[in-house]
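Since the structure comes first, as structure tokens, the remarks are kept for the end.
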Amino acid sequence: MPELPEVETIRRGIAPVITGKKIVAIHILEMRLRRPVNADDFVKWITGQTITGVGRRSKYLVWEMDNGAALLIHLGMSGHLGLFAPDTPPAKHTHIIFDLEDSIQVRYRDPRRFGVMEVVPPGMLAEWPSLAGLGPEPLSDEFTGASLANAVQNSKRSIKVALLDMRVAAGVGNIYANEALFTAGVDPRRLCCELHTGDYDKIAAAIKATLSRAIAQGGTTLNDYRNALGETGFFQLQLAVYERDKQPCVQCGAVIERGVLGGRSSYFCGCCQR
DNA sequence: AAACGCGCCTGCGGGC
DNA sequence: TGCCCGCAGGCGCGTT
């Protein structure tokens with residue numbers, strides 16, 4: 001479900017509400033996420049702490065605690081994180097509930113359980129394995145056409161597969177890889193090693209522009225994505241290629257094609273993307 | 001070592 | 001109506 005723009009939208013929704021609030025209790029209803037939830041660590045490091053900030057790294061939300069511990073939340077394919085009144089009944093597949101002071105409740109729901117929820121003890125965030133291997137944030141200044149080229153230009157993978165590698169561009173997922181390559185005018189099947197400097201400049205710029213536009217629209221709601229308040233995003237109305245196979249290209253009218261790269265659906269205009 | 005593909009889960013929509 | 005299949009926003013692991 002959520003790629004960088006959706007996670008960022010959720011972050012912006014919950015941060016002003018939960019920052020400065022104390023975590024009164026945590027209810028773990030289901031421990032079998034992608035990795036088993038460590039309930040002992042929640043009790044030891046998170047319960048009773050005050051949240052001092054909510055950050056994001058790639059598709060991870062990072063809740064910072066006043067004791068220096070952190071909580072990492074990854075929403076996988078179907079994860080939701082939302083604010084609720086405590087007296088409303090939890091939806092099916094609600095796995096973890098945080099009771100904060102002032103009757104604020106944050107609920108984590110994840111039907112497919114591909115998400116991750118893990119506690120980072122104080123002082124260990126910098127070297128934490130889940131984050132250590134991530135590449136540059138695509139919206140940061142260190143992510144450029146030159147840095148992207150440097151990372152992948154010797155690779156024999158297709159550019160689309162490379163963009164989905166979190167070591168290359170942390171937070172780009174299947175929707176935005178497809179959309180950015182359309183904006184850049186680059187065929188997703190092209191191999192990294194056959195692209196030129198100008199292509200990488202266009203791709204990096206297109207990634208930044210696409211992610212920024214999507215954040216401004218509150219993310220993409222294909223089926224069930226909702227922000228922290230339960231509202232949909234609107235970027236699905238601006239998708240040029242994703243899930244638009246057999247439909248006319250918004251730019252040239254040619255038929256959008258679908259293929260499979262790295263086991264993931266890829267959508268492109270064979271006319272606009274070379 | 002890079003590159004590929006499979007598996008983890010539940011739910012939904014389409015075809016029969 | 002209902003069953004079966006393919007597919008879904010992600011990622012880690014094993015194999016080649």
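These numbers come from a predicted model, not from an experiment. Order of the sequence lines sets the chain letters (A, B, ...), proteins ahead of strands, with each chain counted from 1.
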(Q) Would you say CG of A/Asp141 has more than 12 non-hydrogen atoms from neighbouring residues, nucleotides or ligands within 6.0 angstrom? (A) no
Q | d(CZ, A/Arg244; P, C/dG9) in whole Å | A | 17 Å
Q.
With the six-membered base ring of C/dG9 as reference, does the ring of A/Tyr225 sit under 5.5 Å away with planes under 30° apart?
A. no
Q: In sequence, state the C-alpha distance, the side-chain angles, and the governing distance for A/Asn174 and A/Tyr242, and then conclude on side chain to side chain contact (heavy atoms under 4.5 Å, CB included).
A: CA-CA 9 Å; A/Asn174 202 27; A/Tyr242 189 80; 3.9 Å; yes
Q: Please test A/Arg213 against A/Thr183 for side chain to side chain donor-acceptor pair (under 3.5 Å), starting from the C-alpha separation and ending with a verdict.
A: CA-CA 12 Å; A/Arg213 288 175 54 217; A/Thr183 298; 5.0 Å; no
Q: Send over the distance from A/Met77 CE to C/dC7 P, rounded to a whole Å.
A: 13 Å
(Q) Less than 4.5 Å apart, side chain to side chain, heavy atoms only: is that true for A/Val62 and A/Val54? (A) no
Q.
Testing A/Ile159, A/Thr210, A/Val241 one by one against A/Leu181 for a side chain to side chain contact (heavy atoms under 4.5 Å, CB included), which residue passes?
A. A/Ile159
Q) Is A/Lys22 paired with A/Glu101 through a side-chain N to carboxylate O contact shorter than 4.0 Å? A) no
Q.
I'd like the P distance from C/dG6 over to B/dC6, given in whole Å.
A. 13 Å
Q. Separation of A/His80 atom NE2 from C/dG9 atom C1', in whole Å?
A. 10 Å
Q.
So that I can tick it off, tell me whether A/Glu137 and A/Arg57 are bridged by a salt bridge, with the cut-off set at under 4.0 angstrom between side-chain N and carboxylate O.
A. yes
Q | Distance, P atom - from C/dC11 to B/dC12, rounded to whole angstrom | A | 23 Å
Q. Can you give the dot-bracket line for DNA chain C, where a pair is Watson-Crick or G-U wobble with both atom distances under 3.5 Å, crossing pairs use [ ], and | marks a partner on another strand?
A. .|||||||.|||||||
**Q.** Atom-to-atom span, CD of A/Glu179 to P of C/dG9 - whole angstrom
**A.** 13 Å
**Q.** Distance below 4.0 Å between A/Tyr242 side-chain N/O and C/dG9 OP1 or OP2
**A.** yes
**Q.** Comparing A/Lys156 and A/Arg32 on DNA chain B - which has the more 5′ nearest nucleotide
**A.** A/Lys156
Q) What does A/Asn223 touch in the nucleic acid at a heavy-atom separation under 4.0 angstrom: a base, only the sugar-phosphate, or nothing? A) base
Q: For nucleotides 11-16 of chain C, just jot down a letter per nucleotide in 5' to 3' order: B, S or -, based on protein non-hydrogen atoms under 4.0 Å.
A: SS----
Q. A/Arg113 has an atom CZ; how far is it from atom P of C/dG9, in whole Å?
A. 20 Å
Q) Rounded to the Å, how far apart are A/Glu8 CD and C/dG9 C1'? A) 17 Å
(Q) For the P atoms, the ones on B/dG7 and on C/dC5, what distance do you get once it is rounded to whole angstrom? (A) 16 Å
Q: Go through the structure and list residues passing ring-ring contact (aromatic ring centres under 6.0 Å, His included) with A/Phe143, not counting sequence neighbours.
A: none
(Q) Suppose the criterion is ring pair (Phe, Tyr, Trp, His ring centres under 6.0 Å): which pairs have a residue in residues 98-136 of chain A, not counting sequence neighbours? (A) A/Trp63-A/Phe98
Q.
Please verify the inter-ring angle class for A/Tyr176 with A/Phe235; under 30° counts as parallel, over 60° as perpendicular, anything in between as tilted.
A. tilted
Q. In chain order, what residues pass the side-chain hydrogen bond (donor to acceptor under 3.5 Å, both in side chains) check against A/Arg274, with sequence neighbours excluded?
A. none
Q | A/His80 vs A/Leu75, side chain to side chain contact (heavy atoms under 4.5 Å, CB included): CA-CA, chis, key distance, verdict | A | CA-CA 6 Å; A/His80 300 248; A/Leu75 299 176; over 6 Å; no
Q.
With a strict under 4.0 Å distance from non-hydrogen atoms of chain A, what nucleotide opens and what nucleotide closes the contacted stretch of DNA chain B, reading 5' to 3'?
A. B/dA3 to B/dG11
Q) For C/dA8, does either OP1 or OP2 sit under 4.0 Å from a side-chain N or O belonging to A/Arg258? A) yes
